Number of protein chains: 2
Amino acid sequence: MQTIITSKTREVVISDTGPTILIGERINPTGKKRLQAELLAGRLDLVRQEAVQQVEAGADILDVNVGATGVDEVAVLPEAVKAIMQVTDVPLCLDSSNPRALEAALKVYEGRALVNSVTAEEASLTDILPLVKEHGCAVIGLTMDEKGIPRDAGRRVELAHYLVDRATRIGIPRQDIVIDCLNMPVAASTDGAGPLIEAIIEVRSQLGLNMTIGASNISFGLPDRDLLNTVFLSFAIQIGVTCPVVDVAKVRKYALAADALLGKDPHMRRFIHDFRTRQKQA
Amino acid sequence: MQTIITSKTREVVISDTGPTILIGERINPTGKKRLQAELLAGRLDLVRQEAVQQVEAGADILDVNVGATGVDEVAVLPEAVKAIMQVTDVPLCLDSSNPRALEAALKVYEGRALVNSVTAEEASLTDILPLVKEHGCAVIGLTMDEKGIPRDAGRRVELAHYLVDRATRIGIPRQDIVIDCLNMPVAASTDGAGPLIEAIIEVRSQLGLNMTIGASNISFGLPDRDLLNTVFLSFAIQIGVTCPVVDVAKVRKYALAADALLGKDPHMRRFIHDFRTRQKQA
């Protein structure tokens, strides 16, 4: 199953046979006071800077999220998208739960965006899916509904089926739906990431869709978060997550190692090239 | 399924619910000229030193291999075992393909050893299994036969069944059989570790046994071997390898992170303790 995301000049193919596609997570003000302040003041310098740095670090797609208290997403999201398109040419993932902000961003985006995201909540389905259909883009479906994120794997799998049903019913092709089974901090759980892993394996096996996951939340509240995040990323890639949302500079080498081990990097060309590049920089 | 390995004073339980058990790989002269020279000269200082260092690094079990050109394993293996028992109290994994060397080592070993290994070759089954039965110990079964290591997963799974059949037929309990699906360098393959991973998942699912794997060979011939080995170890633990053979000092923190994520470390106690210990040492 191939999901194709484009910018004006580039095409990124997400699939289970090709390389793992890394979606850069850093354009997101959550927990970042300086970025929050800039966005509130209507400045986009830091957004541009994060965009350039993530692309230099090897990001394939950039997530763009400007949601913070006091920020008018409907005004700022399209401005951020325009600013990023001026400094990079990688495709974008438009990240908001506000349908009007997504609509405004889709109008200015030059290419086939990945919309992040729709949930199985009725309001979200009603607002977001027609936008995705109208713009012919792709969408990330989150396995959560009005009751929140289910704790068990089975219910998340049901929600994934439901999201696909609802999207395909209005004419969105299956391959344009990417499922996110939603990470929760393992510190709050007794069975670790077990239910999440089970959900990813089942959705992948039953629906065959491309899968994403935010690979940084899992370690919230624990020490040595980078270590936990990289090990979790290895898990995720192994079980079929094809386009994780990550801190690219920190984890790209682990993703390349995973691809090399899983036969997703013929002759280990990307792995060896990255190794040599890192050696030169060191 | 629990496999219990003991020394005179310690018991190690290998199971899929408990922590990942790390078998230290470093007492092995393959590729180590200094250790080869010492063993040829009948000296065991380096063996003692490697034993102590691996236990300090957190090894749960130590693999003991003295096989090198010119070394009389029948004489040296029991001497090495005695030397190691003098300096540490962790249980041992007696590693030789020579049945007489294993017999001599089992005679001097105080505890319930893990024998490494028996293969599905008739000569190996005939020589090794009765020894395991006689000493009431546990054994690692390698999924290879007279034709070598099968390339495909299916044949490895068949060989695992065959090993279990042959062992249980002479009265070795199922829980005392640990399966090793055998790592091969991914550099020599076009589909990476795919067949190996598939074999491990299937053996685990069909037989429910404890599983080991050598986690360092996979990167042979490639750069940045430690990176590849640690990512492979994450894969292995996730799919059910319960007692990998590893360079403990290099990979223990990754194994602890994997256990924490997989719900095999209640309240992340071991992970957090290890993090604090590493911080103090830094």
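All values reported here derive from a predicted model rather than from experimental measurement. Only this structure's heavy atoms are used, side chains among them; waters, hydrogens and symmetry mates stay out. Protein chains get the first letters and strands the later ones, always in sequence-line order, with residue 1 at the start of each.
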Do A:Phe271 and B:Leu227 make a side-chain contact, defined as non-hydrogen atoms from C-beta onward lying under 4.5 Å apart?
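The answer is yes, as the side chains (C-beta and beyond) meet within the 4.5 Å cut-off.
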Which portion of [X] sits near chain A, non-hydrogen atoms under 4.5 angstrom:
X        : result
B:Pro266 : neither
B:Leu196 : neither
B:Phe275 : side chain

Would you call A:Arg278-B:Asp224 a salt bridge at under 4.0 Å N-O?
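The answer is yes: the pair qualifies as a salt bridge.
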Considering only heavy atoms, which portion of [X] lies under 4.5 Å from any heavy atom of chain B: side chain, backbone, both, or neither?
X        : value
A:Ile237 : neither
A:Lys253 : both
A:Leu222 : side chain

Heavy-atom pair with the smallest gap, counting every atom of [X] and [Y]:
X        : Y        : answer
B:Ile197 : A:Leu262 : CD1-CD2, 3.6 Å
A:Val231 : B:Ala257 : CG2-CB, 3.9 Å
B:Ser234 : A:Phe235 : O-CE2, 3.2 Å

